[in-house]
Each structure stands twice: as C-alpha cells, then as structure tokens.
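Everything below concerns the one structure shown next.
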Amino acid sequence: MSLASTEPAKKVATYTADRAENGFLIELFKDKETGEKTEVYLTAAAPGAFKGYHLHRVRAARYVAIKGKMKITLYAPGDPGSKEEHILDAANPSRLFIPKDIATGLENIGDEEAWLVNYPDPAYDPSLTDEQVEYTEQELLQGIVK
C-alpha cells in the first residue's frame with residue numbers, strides 16, 4: 001500500500017504572436033469529476049517577456065504572483081481609454097480579479113523568472129474552443145471588438 005500517489009502535471013511552452021517562446025504553463029489542479037477542466041495553473045515568464053493580449057468570453061481570472069514581479073495590463077475592448085495597469089509582486093502578495101471579457105497582457109518587469117498562479121472561474125474547459133480571443137495592443141487602442 002502506498003501512502004501517496006503521483007500523476008503527471010501537463011507543462012506546455014507559451015509563445016508570442018510571432019512564435020517566439022515567452023514562458024510556459026503548468027496545470028496544477030484538474031477538476032475531480034472529469035479530470036478535463038483545469039482549476040488552477042501556473043504561468044511563467046522570463047525577465048522582459050510579454051504574454052497577451054487575450055480575453056476570455058466565459059471565465060474570469062484570479063492571479064497571485066508567487067515568484068518575481070509582473071505588470072498586468074487590462075483593456076475593455078471597444079474602449080481604448082479603459083487601460084489599467086496592476087503590479088503583482090511575490091514580495092508583497094495580493095490577488096487580482098479580472099472579469100471575463102477584459103483583454104489582459106502580462107509582462108515580467110523583474111530580473112528573475114516570474115510565476116503567477118491563476119485559479120480561473122469557472123475552470124478552464126478545453127472543449128470551449130472559441131472562448132479565448134487574441135488581440136494586439138494596436139487593435140485595443142483602435143477600439144476593435146472581436
């Protein structure tokens with residue numbers, strides 16, 4: 001009889017729009033019912049790396065920095081003047097709630113790899129294929145809505 005069990009945790013590289021690697025994601029917890037939905041994941045970015053912009057039509061994000069420092073830039077598509085910036089720093093932990101339909105960009109502004117934990121609400125469901133929408137900052141500044 002084993003006192004504990006292990007299971008693989010999916011790790012995937014992430015890329016910019018021009019296909020340059022900018023970090024990775026690790027699925028930390030999957031739902032208990034089906035094992036298909038990701039309830040918590042970690043996103044990592046190298047110093048200076050930028051991830052985004054994208055929004056989720058169905059789910060909100062809840063971020064906590066557990067290593068390094070990240071600048072989170074938000075836009076409401078269709079409202080170029082809505083830009084907000086938030087700093088998440090593992091040295092001074094706080095949680096940032098981002099509602100669905102808000103375009104989000106993540107930039108590592110520290111000098112070490114930065115890690116954010118996201119516990120999306122509802123959990124990430126890979127069967128929702130059109131749920132994530134990609135934007136450029138230029139599109140957001142022009143007020144484009146996709």
Discussion item. A side-chain contact here means heavy atoms from C-beta on lying under 4.5 Å apart; do T38 and P120 qualify?
Written reply: no
Practice prompt. For the pair E85 and K83, find out whether any cationic side-chain nitrogen is under 4.0 Å from an anionic carboxylate oxygen.
Written response: yes
Worksheet item: Y75 and L141: side chain to side chain contact (heavy atoms under 4.5 Å, CB included), yes or no, with the steps?
Response: CA-CA 9 Å; Y75 286 94; L141 291 171; 3.7 Å; yes
Fill in: salt_bridge(K146, E139) N-O dist < 4.0 Å
yes
Fill in: Heavy atoms from other residues, nucleotides or ligands near NZ of K37 exceed 12 (cutoff 6.0 Å)
no
Worksheet item: Is there a donor-acceptor pair under 3.5 Å between the side chain of T73 and the backbone N or O of K71?
Response: no
Practice prompt. Check whether any side-chain heavy atom of S94 sits under 4.5 Å from a side-chain heavy atom of L88, and report yes or no.
Written response: yes
Worksheet entry | Non-hydrogen side-chain atoms of Y124 and Q132 separated by less than 4.5 Å | no
Worksheet item: So if you build clusters from Ile, Leu, Val, Met, Phe, Trp, Tyr with side-chain heavy-atom gaps below 4.5 Å, do V12 and Y41 land together?
Response: yes
Worksheet item: So which heavy atom on E137 is nearest to which on Y53, and how close?
Response: OE2-OH, 3.4 Å
Worksheet item: Is L140 close to P80 at the side-chain level, that is, under 4.5 Å between some pair of heavy atoms?
Response: no
Worksheet item: Are the side chains of V64 and Y119 in touch, meaning some heavy atoms are under 4.5 Å apart?
Response: yes
Worksheet item: Within the distance-only criterion (no hydrogens, no angle test), does the side chain of T14 pair as donor or acceptor with the backbone N or O of G23 below 3.5 angstrom?
Response: yes
Item to complete: Kindly indicate whether the side chain of D111, heavy atoms from C-beta on, has any atom under 4.5 Å from the side chain of P47.
Response: no
Practice prompt. Taking N118 for its side chain and A61 for its backbone only, find out whether a donor-acceptor pair lies under 3.5 Å.
Written response: no
Discussion item. Testing R57, K100, R59 one by one against E131 for a salt bridge (Lys or Arg N to Asp or Glu O under 4.0 Å), which residue passes?
Written reply: R59
Worksheet item: For N22 and K51, which heavy atoms make the closest approach, and how far apart are they?
Response: ND2-CG, 3.3 Å
Discussion item. Measuring only between side-chain heavy atoms, which start at C-beta, is L55 closer than 4.5 Å to I102?
Written reply: no
